[in-house]
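First comes the structure, then the notes that go with it.
Values reported hereafter were calculated over all heavy atoms of this structure, with side chains retained and with hydrogens, waters and symmetry mates removed. Numbers restart at 1 for each chain; the letters A, B, ... are given by sequence-line order, proteins then strands.
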2 protein chains.
Amino acid sequence: MASDHTRSAILAAAERLYADRGFGDVTLRDIVAEANVNLAAVNYHFGSKDELIAELFVTRSIATNRERLRELKAAEEAGGGRAPIEVILRALVGPTLRGCLGPENQRSTAARFMIRASIESVPPIRRIKNREIDHLRKFAGAMRRSLPDRSDVDIYWGLNFALAMAHHTIRESERLTKLSEGQCDLDDVEDVVARVVSVATMALTMAKAETKAPSRLAAR
Amino acid sequence: MASDHTRSAILAAAERLYADRGFGDVTLRDIVAEANVNLAAVNYHFGSKDELIAELFVTRSIATNRERLRELKAAEEAGGGRAPIEVILRALVGPTLRGCLGPENQRSTAARFMIRASIESVPPIRRIKNREIDHLRKFAGAMRRSLPDRSDVDIYWGLNFALAMAHHTIRESERLTKLSEGQCDLDDVEDVVARVVSVATMALTMAKAETKAPSRLAAR
DNA sequence: TTGCAATTCAAACACTTGTATGAAACTATC
DNA sequence: GATAGTTTCATACAAGTGTTTGAATTGCAA
């Protein structure tokens, strides 16, 4: 089998470095140094830097999507085709939050890599990313089944806001800690998950009577 | 005064390009081409590329912060020291959303540049960014005055979520449009503002009884 | 006009990037 | 153990980056 030691060493090193420092300032030379392999190995095994990134993203994307869907599926079957909205939202944002926040040694390289990918949107990833929309559509479907009275538009907005809160909290966790002078405990991941899920649930279940009322109350 | 035509042409071109394409793939040569000036002009007038970016960011940061605070101040004075939470939130997220969404010709280069800066977090900007925390603290103060019964932690989380929804919606507007197949109308900016403000208000005013309840309902 | 400082310009520099090359080392099959 | 195919390696390459240089040009004061 030729022991693809080099190949997987490159993949692991690349994922770790990208997760830690972003795509912007990680060079092939950084990666091969971290992986203890020769510079040319990347092009030999993957063809190009972009193809390395693409493979990394595709692999992780499939894995985490399958993981999330499994959780969702289980919840829906347990509820006879309908899962409570909180459970759906928890399946959507829980894994990512748990993988990116909390005690350092419990964080998942994969989750952090995926967050980077969703943030920086480098060309090779942007080309593939449509896949994620189909994935989100499945969640939207489950949400619709869970809340048959809400309009599609409201469902999509709720989904959007849930992802917004989760991703932004991950991205800006340092700023929130600093702003709150440590009062917001981002190491208590389950509390963070609960907060995000709670607000997203409210967004999806509360009446929106006064939503459109004072259009420009504060417009100067 | 020597007619700083070149200087301001560079600033304008850089801001426009950065706003459109991000810091990642805009080179000095792109900027000077857009500004119709010589390549060396950037280093002559600003010292370095990083100092150009820093000046751009500082200028815009001061301006938009002053703008937002003016709106906030006015609202608080009109309410005798306390402004309704909706108005505060609207002052926080309204200008940015209006500047980045809506009809193309109404979008603001400044707002789009600031969003890029808050997303990509390039080194010269990261060094200055502490300033923004002080700015957010002022909003947190107003929110605390508006909702004296809420804990500081809840205030900070509400602030965090409001910014999360606004920024994420801007960043991922294209995806939301695609996901909802056009049903979510991101050109109707006032509707977007209303939705963000509405959810953030709920997050800040609703009781949080069940928040901490089912910690790992869906954990496999 | 003359002189001097500020500005512009074309060109080159030093450096980093991803990629390509061809020889060397290794591995497995006969 | 010789041989063919795979993998590794040091090195070079071409392109792009921000920056520097020193001469040309401009604008303004004496």
For this session: Using atom CG of A/Asp25 as one end and atom C1' of C/dC15 as the other, report the distance to the nearest whole Å.
Result: 17 Å

Exercise. Is there a donor-acceptor pair closer than 3.5 Å between any side-chain N or O of A/Ser118 and the backbone N or O of A/Ile115?
Worked result: yes

Seminar exercise, completed: A/Asn36 atom CG is separated from D/dC9 atom C1', nearest whole Å, by 14 Å

Problem set entry | Spacing between B/Glu51 atom CD and D/dT19 atom C1', to the nearest angstrom | 12 Å

Problem set entry | salt bridge (Lys or Arg N to Asp or Glu O under 4.0 Å): pairs with one or both residues in residues 158-172 of chain B, sequence neighbours excluded | B/Glu172-B/Arg175

Problem set entry | Salt bridge A/Lys138-A/Asp134, side-chain N to carboxylate O under 4.0 Å | no

Exercise. Is A/Lys129 salt-bridged to B/Glu174, cutoff N-O under 4.0 Å?
Worked result: no

Problem set entry | Pairs satisfying side chain to side chain donor-acceptor pair (under 3.5 Å), at least one member in residues 102-115 of chain A, at least two apart | A/Asp20-A/Arg112

Seminar exercise, completed: B/Phe23 atom CZ is separated from D/dG18 atom C1', nearest whole Å, by 16 Å

Exercise. Separation of A/Tyr44 atom OH from C/dG22 atom P, in whole Å?
Worked result: 16 Å

Can you check nucleotides 18-20 of chain C for protein contacts, nitrogen or oxygen pairs under 3.5 Å, and list what you find?
from   : atom 1 : to      : atom 2 : distance (Å)
C/dG18 : OP1    : A/Lys49 : NZ     : 2.6
C/dG18 : OP2    : A/Leu28 : N      : 3.0
C/dG18 : N7     : A/Arg29 : NH1    : 2.9
C/dG18 : O6     : A/Arg29 : NH2    : 3.0
C/dT19 : OP2    : A/Lys49 : N      : 2.8

Problem set entry | Whole-Å distance separating the CZ atom of A/Phe46 from the P atom of D/dT7 | 12 Å

Problem set entry | Interatomic distance, B/Asp30 CG vs D/dA15 C1' [rounded to whole Å] | 15 Å

Exercise. Is the distance from OP1 or OP2 of C/dA6 to the nearest side-chain N or O of B/His45 less than 4.0 Å?
Worked result: no

For this session: For A/Ile31 and C/dT17, give me the distance from atom CD1 to atom P, rounded to whole Å.
Result: 11 Å

Exercise. Is the shortest side-chain N to carboxylate O distance from A/Glu67 to A/Arg70 below 4.0 Å?
Worked result: yes

Exercise. If only side-chain N and O atoms of A/Thr6 are considered, is one of them under 4.0 Å from the OP1 or OP2 phosphate oxygen of D/dT7?
Worked result: no

